[in-house]
Amino acid sequence: MERQLKVEQDLLESQQRFKTVFEASIVANKIINIDLKMVQINQALCDMLGYSREEILGSTILDFTRPDFIDLWYDLHEALWKKELPAFQLEACLIKKDQTEVWVLVNTVSFKDRGQTMGYTSLVDITNRKLLERHKDEFISTVSHELKTPITSIKSYCQLVERDLLKDKKAEGLDKIRRMNAKINDLTSLIADLVMASKIESGKLRTKSERYAMDDLINSIVDDYKKTHPGRIFIIDKNESVITMGDRLKIGQVIENLITNATKFSDRGSPISISSVRKDGSIVVCIQDHGRGISPEEIESIFNRFYKVKEAQSNNEAGMGLGLYISSEIIRNQQGKLWVDSKVGEGSTFCFSLPIIS
Ligand code: ADP
């Protein structure tokens, strides 16, 4: 009897502790049932949304969510209920009662309560961080656009000088101007990457939809690389004849980026292999090098914007860490996937798959 009382007392205290922590937290908290309806919320959530407890309880958080986030949030819940995910995290935008926006970092886990599936969510206000990110993106976008015009003029002048020097057979000057031209090309492609990244970030990436032969595209890119990288071995292992639908130019950029990285991060003497194979209604294109490889911890981040692995940072290697971010976004935009298999010291294989027509 005494033990029973003690158990009940402990339970009560534990419930009280949970209630205090849940309620007093400055982080917005909510508990939902299987229908996503909010059955318990704290004051911080009411303050965040500007609605009273009564107005919120019984509704779902999706009723307060900006429409473009609803599908993703709903799908994550589905995956959570089906136990495909143990928990999920996402950044989303909510609409307050006064119709202003609040950005939140959402963390949800599921748990069982008297046999019922429930969810616990914490929502942290990240509006200030999002605002700063937006300012940074706008700054990058303005600067890169402003740089484009003068660089284009410098390039044209450079070409004119090169033509004059060629006419006058001034070999020494010609060599210098060609080096200058190469540097201007590097600068142009860095700026093009910045412009592209800010287009992606602001959702303004426009892509064409045209039929093209993937094998032709690969052949022409590899031929160009053979010309511009004499002494380097490029091997086309397999190049199946397929027609795909999408933006040929942008997919070409992805292939070029992957081949450029393969040349950048492997020894000059080691070969680079390219293959293109049909698999389950898709074409899978792979670029393999035998270079320094990427550690499993870094693989997680290399597709993020402005990410360079530590080694690349300390060696001051050219590049802003945008190439793989842009490539993965282009592939995603064309309903495909981009991934990598890599082993430190042995090399990397970057592959992407795209749907095919025939
Ligand atoms: P960057 O343009 O700076 O090279 P990327 O987005 O293309 O940026 O690549 C991000 C990082 O991934 C690079 O810093 C590089 O260290 C690593 N990386 C990319 N491709 C390879 C590769 N084939 N082998 C080894 N490391 C690579």
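Every number for a ligand or one of its atoms is a count from 1 in the order of the listing. Please read all numbers here as calculations on a predicted model, not as lab measurements.
Under a 4.0 Å criterion applied to the non-hydrogen atoms of G321, ligand 1 contributes the atoms 1 (P), 2 (O), 3 (O), 6 (O), 8 (O). With ligand atoms numbered from 1 in the order given, ligand 1 contributes 1 (P), 2 (O), 4 (O) to contacts under 4.0 Å with heavy atoms of K264. Interface of F350 with ligand 1, defined as ligand atoms under 4.0 Å from a residue heavy atom, comprises 20 (N), 21 (C), 22 (C), 23 (N). Every atom of ligand 1 is numbered from 1 in the order shown, and the set under 4.0 Å from a heavy atom of Y307 is 10 (C), 11 (C). Atoms of ligand 1 lying under 4.0 Å from at least one heavy atom of R292, given by number and element, are 16 (O). Close contacts between ligand 1 and L322 involve ligand atoms 6 (O), 8 (O) [criterion: under 4.0 Å to a heavy atom].
With 3.5 Å as the limit, one finds no donor-acceptor pair spanning the side chains of S282 and S353.
Residue pairs meeting the side chain to side chain donor-acceptor pair (under 3.5 Å) criterion with at least one partner in residues 84-97, sequence neighbours excluded, are E55-K97, Q89-N107, E91-R129, E91-K130. Within the structure, every pair that satisfies the side chain to side chain donor-acceptor pair (under 3.5 Å) test and touches residues 17-29, not counting sequence neighbours, is listed here: E23-R53, N29-Y120.
For L324, heavy-atom contacts with ligand 1 shorter than 4.0 Å involve the backbone as well as the side chain.
We find the CG-CD1 distance between L72 and I70 to be 11.0 Å, quoted to the nearest 0.5 Å. From L174, atom CG reaches atom CG of D164 across 10.0 Å, with rounding to the nearest 0.5 Å.
Of the possible polar contacts, one joining the Y225 side chain to the E256 backbone as a donor-acceptor pair under 3.5 Å is found.
Residue contacts with ligand 1: F303 is excluded, as none of its non-hydrogen atoms falls under 4.0 Å. Ligand 1 is approached by S348 to a heavy-atom distance shorter than 4.0 Å.
Salt bridge annotation for D175-R179: present, with a cationic side-chain nitrogen under 4.0 angstrom from a carboxylate oxygen.
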